[in-house]
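As the structure is a computational prediction, the values presented were derived from the model and not from experiment. The figures that follow rest on heavy atoms only: side chains count, while hydrogens, waters and symmetry mates do not.
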Amino acid sequence: MKTTNKLFRIYKVLSMFFICFFHICFYKILRKSDSDWERLWGNIGERFRKTLFELEGLLIKIGQMLSIRGDLLPHSFIRQIQDLTDNVPPSGFQEIQEILEKEWGGTIDQNLLTIEKKAIASASIGEVYRGKLKNGKTVAIKVQRPYIESIIRTDFRTLRFIIWFADHFIPIPKGFINLKVLFNELKEVIERELDFLKEQKSLLSFKERYKDVEGIIIPSVYTELSTSKVLVMEWVEGVRLNNIEALDRLSINRHELAQKLISIFLPQWLESGMFHADPHPGNVLVSEEGKIILLDFGMVGEITKKDATHFQGLIESLLSKNYTKAVEGFIHLGFLLPEADTRTMERLLAELMSFQPSQLKEMDLIALKMEMNDLIRALPIQAPTRFVFLGRSFVTIEGLVRELVPEEELIDLVKPVFMDWLEKHGNNKWTFVWHWIQSQPLFRIVYSVKEFLTLPQQLEHIKEVEQRRQFQFTIYENYKKQLFQLTVIGGIGITVGLYTTKPFIWELALGVCASSGIGYFIISYRQKKWMKYMSDNRRG
């Protein structure tokens, strides 16, 4: 098949990347208007989406991950890729049969009574078939797609080159996203998905976690038939949560179902441990009895105890209106970039948290969300790469909940679930009480007097530090911009010299291109060292 050809895949991805890259450079040189940039990013997103659908494999996963990075990418680009679904044509059953027999060390008939030759689900990494064991039990058999390991190795090599190029030559938004960390995290998640024994381990872990929880079904796994490329699970019947007509026929209360869904996923997002990172409608079903069915644990993330503690502390700080502590929480979690002004962020949080739930009900939540994305992009805020899959999980569940209940009911829906979690599983309650005391008027008076006495020294220090930071950052960015432009001009000069067969022109252009390119690398290296120092200095 053409899409499995290594050279074809490399050519398609690199040609798409460099065409987009030169379009962006051209627009920067001509200083195009905002409307022109909006159209350009829309066209880039459309080209990106078409390439992903054509090549499938790892690239679909990358597109899904980028579709939730509204803090980094333009709206017009996000709009083109936000509905990407990992749904690809199934392989021929002969190839699937060969994999099953190789993994089981014998014929299919030795382990199964029957197996349907048509896949019931097919994604970029695995396909699912329905079969029946010798004892008559119906099972779901997940089989790794043929040639997928080779395809993913090729895509990773191509992606590694693109990230190297982007990291050194493209002005990344805000200049602080660590593409290497993003690449390593994606690589780790995909490699985990490729090994079905790891998925089996995750499934068993979730099954143990929810064994005493009513209203949730996680299928059993047949470990004796499962390998790194085959996963055999209990067959469970259910209805997709976005199939509203089917839910209504089952007489299931959608409001209760949405609350149940939030109560299952909220602890995953806020407590240490694993969380389901891919809860799309095909992986979250509901049984006839109204129980939530969770499937496909190939893509999972993990929250460390340290991050969980900071998350819970952040929530408590926001509830107690202690915005100084809240900003510290954002810093510990890595959401604030080094140049962020903490005082400004405190004032902004105070403004945002001044909204009452009754006011939110009257607002257009979609418009509010878009405005928040614009605000976040304008501020020194960026989601750390380790939370990308957590954001994916949250956004997907948010979409499912909005399918079940009207937007105006969301606040009333989430509040009791959240308060119940806070009461049972929140961080140290005495910490919450202490934060609440700190927010009270009497305490604030004492705190204000103390702050007033040290205010002159603090203001002088903040002013000096911020001026140095802004000045140094501007110098680095200006140097990089000038060197980048010289590199592009040198590249154009080399092309002109070779085309006109004028050695003097291309030799001179080569010298300019090489020297400015080396200078760009040196300045980028120094800037990264400086940013790391400022980040460590702020945190410590």
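Heavy-atom neighbours of Glu224 CD from other residues, nucleotides or ligands within 6.0 Å: above the threshold of 12. The environment of NZ in Lys201 is sparse: at most 12 heavy-atom neighbours from other residues, nucleotides or ligands sit within 6.0 Å. Open room surrounds NZ on Lys305; 12 or fewer heavy atoms of other groups in view lie less than 6.0 Å from it. The 12-atom threshold is exceeded at CD of Glu289, counting heavy atoms of other residues, nucleotides or ligands nearer than 6.0 Å. In this structure, Glu95 places its CD atom where more than 12 heavy-atom neighbours from other residues, nucleotides or ligands lie under 6.0 Å away. Within a 6.0 Å sphere centred on OH of Tyr11, heavy atoms belonging to other residues, nucleotides or ligands number 12 at most.
Contact check for Leu404 versus Leu247: side-chain heavy atoms found under the 4.5 Å cut-off. Side-chain contact between Ser202 and Arg192 is present, with heavy atoms from C-beta onward closer than 4.5 Å. Proximity of His276 to Asp278: side-chain heavy atoms (C-beta onward) are separated by under 4.5 Å at one or more points. Side-chain contact check for Lys187 versus Arg160: some heavy-atom pair is nearer than 4.5 Å.
Here CG of Leu225 is found 5.5 Å from CH2 of Trp104. Values are rounded to the nearest 0.5 Å. Note that CZ of Phe93 is 14.0 Å distant from NZ of Lys118, once rounded to the nearest 0.5 Å. Once rounded to the nearest 0.5 Å, the distance linking CD1 of Ile10 with OG1 of Thr158 reads 4.5 Å.
Formation of a donor-acceptor pair under 3.5 Å by the Glu288 side chain with backbone atoms of Leu250 is not found in this model.
Within the structure, every pair that satisfies the ring pair (Phe, Tyr, Trp, His ring centres under 6.0 Å) test and touches residues 195-221, not counting sequence neighbours, is listed here: Phe206-Phe297.
Aromatic ring pairs are classed by plane angle as parallel below 30°, tilted from 30° to 60° and perpendicular above 60°; the pair Phe161 and Phe165 is tilted.
Glu127 and Ser91 are linked by a side-chain donor-acceptor pair at a separation below 3.5 angstrom, with hydrogens and angles left out of the test. Side-chain polar atoms of Asn283 and His280 form a donor-acceptor pair below 3.5 angstrom.
Remark: of the listed residues Ile115, Leu112, Thr138, Thr138 is the sole one forming a side chain to side chain contact (heavy atoms under 4.5 Å, CB included) with Lys132.
A salt bridge does not link Lys50 to Glu54: none of the charged nitrogens lies less than 4.0 Å from a carboxylate oxygen.
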